[in-house]
Amino acid sequence: MAEETAGDDVLDAYSRVVSGVAEHLIPRVASLRIASRRGDSSGSAVVLTDDGHLLTNAHVVGGGEQATAEFADGTAAQARVIGVDRLSDLAVLRSDREIPDPPEYGDADQLKVGNLVVAVGNPLGLAGSVTAGVISALGRSLPVRTPNATRMIEDVIQTDAALNPGNSGGALADGNGRVIGINTAVAGIGLGLAVPMNQTTRRIIYSLLHDGRVRRAYLGLVTTPAPLRPQLAERFDQRTALRVVEVIAGSPAAQAGLRQGDLVLAVDGAPLRDAQSLQRLLFEDAISRRTEITAIRNGALVDVVALPAELTDR
């Protein structure tokens with residue numbers, strides 16, 4: 001009997017957390033309908049600022065410029081797309097009227113596998129839907145197609161909280177109701193993916209709010225995280241680096257002399273431990289700037305200098 005009571009208490013506590021997050025977020029997640037030349041599409045959007053901005057996925061917006069945002073209380077607002085970044089799958093809209101206050105946004109870099117998460121959105125046209133689950137994995141990659149290439153969104157959150165078409169652009173929140181991701185894809189049964197809210201995405205969102213686009217630097221490297229041998233890990237005080245899988249012909253990295261198989265340790269002295277640590281260095285201020293890259297090649301230390309170009313392939 002005592003075990004049953006303890007189990008009931010745990011379930012009650014879980015229910016209170018989920019219902020509390022739902023109560024906080026449902027008014028702040030809108031159902032989004034976008035009109036474009038290709039036809040209407042739908043998804044979700046989360047209130048971003050207290051002056052009428054909304055955050056959603058770039059693929060939800062598509063090529064549209066105008067949207068209708070409908071909230072749980074029946075309020076409807078017209079919203080204009082002011083910025084789209086396909087390489088992070090994020091977009092920002094501006095409402096034409098007052099909308100609910102934004103939720104608190106958290107830091108996905110503090111998440112751990114197994115953390116409780118709650119997804120709020122409008123799947124299959126069912127407004128204000130809530131599902132719950134856990135963080136299944138961190139650091140996943142999600143391919144996104146641009147007009148001339150397929151690129152990767154790095155450090156995507158994987159969750160088993162049920163996501164369906166229409167959840168895209170909605171909120172993924174922690175147990176305190178803080179938005180730690182924007183739901184972006186259904187990868188399969190029990191597999192949902194979300195763009196994390198962290199230092200890098202905050203910088204992207206800032207650029208979308210102020211400039212309507214994100215300028216990025218381009219090196220021309222395809223990399224994957226790789227462990228360092230113990231002696232190298234001790235020497236450089238880092239356990240992982242980025243192994244070069246491919247160097248794009250004619251790219252700044254190729255011109256600098258980087259090669260397939262190199263282990264890139266640092267850029268301008270900043271250690272590279274994962275894909276995001278390189279991405280966060282390749283924004284506007286890195287374009288055409290002298291950039292020192294430290295790598296290991298066949299056990300020897302190699303220093304090269306690159307001049308990143310501006311990434312223009314959208």
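Keep in mind it's a predicted model, so treat the numbers as computed, not measured. Just so you know, residue 1 is the first one in the sequence shown, and it goes up from there.
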### Task
Return the set of residues passing ring pair (Phe, Tyr, Trp, His ring centres under 6.0 Å) with Phe236 (not counting sequence neighbours), or none when no residue passes.
none
Scan the side chains in residues 114-122 for donor-acceptor partners under 3.5 Å anywhere in the protein, sequence neighbours excluded, and list what turns up.
{"from": "Asn115", "atom 1": "OD1", "to": "Lys112", "atom 2": "N", "distance (Å)": "2.8"}
{"from": "Asn122", "atom 1": "OD1", "to": "Gly128", "atom 2": "N", "distance (Å)": "3.1"}
{"from": "Asn122", "atom 1": "ND2", "to": "Ala30", "atom 2": "O", "distance (Å)": "3.0"}
{"from": "Asn122", "atom 1": "ND2", "to": "Ser44", "atom 2": "OG", "distance (Å)": "3.0"}

### Task
Output every pair passing side chain to side chain donor-acceptor pair (under 3.5 Å) with a member in residues 158-177, not counting sequence neighbours, ordered by first then second residue.
His59-Ser168, Arg140-Gln158, Asp174-Arg178
### Query
For Ser19, what residues pass the side-chain hydrogen bond (donor to acceptor under 3.5 Å, both in side chains) criterion, not counting sequence neighbours?
none
### Ile204 side chain near Phe283 side chain, heavy-atom distance below 4.5 Å
yes
### Message
Strictly below 4.0 Å, N to O, side chains only: are Asp268 and Arg290 in salt-bridge contact?
### Response
no
### Task
List for me each residue that meets side-chain hydrogen bond (donor to acceptor under 3.5 Å, both in side chains) alongside Thr68, sequence neighbours excluded, and say none if there are none.
Gln78
### Task
Give a yes or no on whether a salt bridge exists between Asp85 and Arg215, defined as a side-chain N under 4.0 angstrom from a carboxylate O.
no
### Message
I'd like to check Asp211 versus Tyr206 (side-chain heavy atoms, cut-off strictly below 4.5 Å). Are they in contact?
### Response
no
### Summary
Given the options Asp109, Asp155, Val156, Ile157, Leu138 meets side-chain contact (heavy atoms from CB on, under 4.5 Å) only with Ile157
## Note on the structure
Taken in chain and number order and not counting sequence neighbours, the residues that satisfy side-chain hydrogen bond (donor to acceptor under 3.5 Å, both in side chains) with Arg202 are none
### Query
Which heavy atom of Ala45 sits nearest a heavy atom of Thr56, and at what distance?
CB-CB, 4.0 Å
### Ion pair Arg216/Asp285, N-O distance below 4.0 Å
no
### Message
Is there a side-chain contact between Leu301 and Arg235 in this structure, where contact means two heavy atoms from C-beta onward sitting under 4.5 Å apart?
### Response
yes
